[in-house]
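Each residue takes its place number in the sequence, starting with 1.
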Amino acid sequence: MAKTVDDHYANHLGPVYTWMIGDLDAAFSRSDRELDVLPLPSKAGSTAVDLGAGFGLHAIPLARRGFTVVALDSYEPLLKEMATRAGSLPIRTLNANLLAFRSHTPKPVDVIVCMGDTLTHLATQSCVESLFGDVAASLSPGGLFLATFRDYVSAPLQGDARFILVRSDEQRILTCFLEYQDTTVTVHDLLHRREGAAWRLSASSYPKLRLSPEWVVERLSSLGLSVRRDTVPGGMIRITAAMPGSARAADAEARFRGNVGPSA
């Protein structure tokens with residue numbers, strides 16, 4: 001039986017999440033490059049919110065760029081790891097439900113990020129719509145919303161391709177298996193751990209939403225944001241949505257579009 005996302009992370013995936021990422025220096029470098037091409041606000045005192053912040057792959061680079069960051073995640077051990085890594089950087093960590101972020105954050109906000117596959121972790125498509133509405137209501141004029149997610153709609157994996165080796169070393173092997181339903185995909189995470197001369201298997205599963213990239217673009221556009229969609233290395237869909245604002249922000253957005261190609 002599939003668990004909730006929170007239970008799955010608390011009891012299975014969360015304790016090995018940092019290991020699963022692999023080379024952390026390389027991961028932080030990728031996050032830096034993701035932010036480098038964006039039309040981020042450059043005014044003094046800019047604020048950012050990181051939804052599903054984990055151990056800080058984007059919150060820490062944002063803080064290093066001068067943002068005051070509120071970082072939310074439902075798995076507290078990763079937030080504690082972030083706090084250790086962040087040191088004196090201006091990051092406030094919150095163990096909280098992402099859908100309640102507006103009650104914890106300053107208004108207006110200059111940048112909101114929701115990276116990795118966090119959007120698909122929400123319980124229903126209605127929850128995603130509710131989050132988008134709160135994002136639009138929270139962004140300052142010229143503010144930016146950045147999200148990435150996996151497209152489980154356009155080309156569902158078939159047969160043996162649904163078995164994916166995530167990471168392995170001498171002590172652990174993490175494999176996942178995808179089981180598609182109409183509106184969700186059940187992710188079965190299979191973790192083998194070496195215990196002496198033997199291997200022990202632990203397994204857990206949880207649902208992810210199948211979000212159509214076209215639907216995401218349409219929903220954000222309907223809220224008055226200027227939206228572009230592209231695909232980033234690793235196959236993730238990237239959504240960049242800007243709140244209408246100053247001429248300076250519009251010029252930055254135009255330069256960004258020139259860097260990454262045509263909009264969706």
Residue pairs involving residues 62-116 (criterion ring-ring contact (aromatic ring centres under 6.0 Å, His included); sequence neighbours excluded): none
Minimum heavy-atom distance between Ala63 and Val69, given as atom pair plus value: N-CG2, 3.8 Å
Does one hydrophobic cluster hold both Tyr9 and Val166, with members joined at side-chain heavy-atom distances below 4.5 Å? yes
Considering residues, nucleotides and ligands other than Phe177, do more than 12 of their heavy atoms fall under 6.0 Å from its CZ? yes
Can you tell me if Arg167 uses its side chain to pair, donor with acceptor, with the backbone of Trp19 under 3.5 Å? yes
How far apart are the C-alpha atoms of Leu119 and Leu209, what are their side-chain angles, what is the distance that settles it, and do they pass the side-chain contact (heavy atoms from CB on, under 4.5 Å) test? CA-CA 8 Å; Leu119 279 180; Leu209 289 175; over 6 Å; no
SG/Cys114 to CG/Leu72 distance, rounded to the nearest 0.5 angstrom? 10.5 Å
OG1 of Thr118 to NZ of Lys208, rounded to nearest 0.5 Å, is 9.0 Å
dist Gln181:CD -> Thr186:OG1 (nearest 0.5 Å) comes out at 3.5 Å
Distance check, rounded to the nearest 0.5 Å: His188 atom NE2 versus Phe163 atom CZ? 9.0 Å
Any side-chain heavy atom of Leu178 within less than 4.5 Å of one from Val187? yes
Out of Asp50, Thr93, Leu89, which residue meets the side-chain contact (heavy atoms from CB on, under 4.5 Å) rule with Met82? Thr93
Arg193 and Val16: side-chain contact (heavy atoms from CB on, under 4.5 Å), yes or no, with the steps? CA-CA 11 Å; Arg193 290 186 177 92; Val16 297; 3.9 Å; yes
Could you tell me which non-hydrogen atom of Gly133 sits nearest to which non-hydrogen atom of Leu223, and how far apart they are? N-CD1, 3.8 Å
So which atom in Asp32 and which in Pro61 form the shortest heavy-atom distance, rounded to 0.1 Å? OD1-CB, 3.5 Å
Asp110 and Ser140 have their tightest heavy-atom pair at OD1-OG, 2.9 Å
Step-by-step side-chain contact (heavy atoms from CB on, under 4.5 Å) determination, Leu146 to Val111: CA-CA 8 Å; Leu146 175 68; Val111 174; 5.9 Å; no
Is there a path of hydrophobic side-chain contacts, each under 4.5 Å between heavy atoms of I, L, V, M, F, W or Y residues, that connects Leu99 with Leu139? yes
Is any side-chain heavy atom of Ser204 closer than 4.5 Å to a side-chain heavy atom of Leu13? no
Are Met236 and Arg150 side-chain neighbours, meaning at least one heavy-atom pair lies under 4.5 Å? yes
Is there a donor-acceptor pair closer than 3.5 Å between any side-chain N or O of Asn95 and the backbone N or O of Ser74? yes
Is Arg219 salt-bridged to Glu129, going by a charged N under 4.0 Å from an acidic O? yes
Answer yes if Leu174 and Ile21 sit in the same cluster of Ile, Leu, Val, Met, Phe, Trp and Tyr residues linked by side chain heavy atoms under 4.5 Å apart, and no otherwise. yes
Run the ring pair (Phe, Tyr, Trp, His ring centres under 6.0 Å) test against His8 and tell me which residues pass, sequence neighbours left out. His12, Tyr206
If only atom types and distance count, is the side chain of Ser103 paired as donor or acceptor with the main-chain N or O of Ala100 below 3.5 Å? yes
Walk me through whether Thr183 and Arg210 qualify under side-chain contact (heavy atoms from CB on, under 4.5 Å). CA-CA 5 Å; Thr183 59; Arg210 299 178 68 184; 5.8 Å; no
Joint hydrophobic cluster, Leu40 plus Phe28, side-chain heavy atoms closer than 4.5 Å: yes
Closest approach of Val49 to Leu51 (non-hydrogen atoms, all atoms of both residues): CG1-CD2, 3.7 Å
Do Val216 and Val232 belong together in a cluster built from hydrophobic side chains that touch within less than 4.5 Å? no
Nearest-0.5 Å distance that lies between atom CD1 in Ile173 and atom NE2 in His192: 6.5 Å
Between Ser31 (side chain) and Leu57 (backbone), is there a donor-acceptor pair under 3.5 Å? yes
Donor-acceptor contact present, side-chain Ser29 to main-chain Asp25, <3.5 Å: yes
Return the CG to OG distance between Asp7 and Ser205, rounded to the nearest 0.5 Å. 11.0 Å
In a check of side-chain hydrogen bond (donor to acceptor under 3.5 Å, both in side chains) between Arg238 and each of Thr231, Asp230, Thr148, which one passes? Asp230
Under the 3.5 angstrom rule, does the side chain of Tyr180 hit a backbone N or O of Gln158 as a donor-acceptor pair? no
Just grab all the salt bridge (charged side-chain N to carboxylate O under 4.0 Å, His left out) pairs involving residues 68-89, residues at least two apart or on different chains. Glu81-Arg85
Are Asp169 and Arg194 close enough for a salt bridge, meaning some N to O gap below 4.0 Å? no
If every non-hydrogen atom of Leu211 is compared with every non-hydrogen atom of Asp151, which pair is closest and at what distance? O-OD1, 4.0 Å
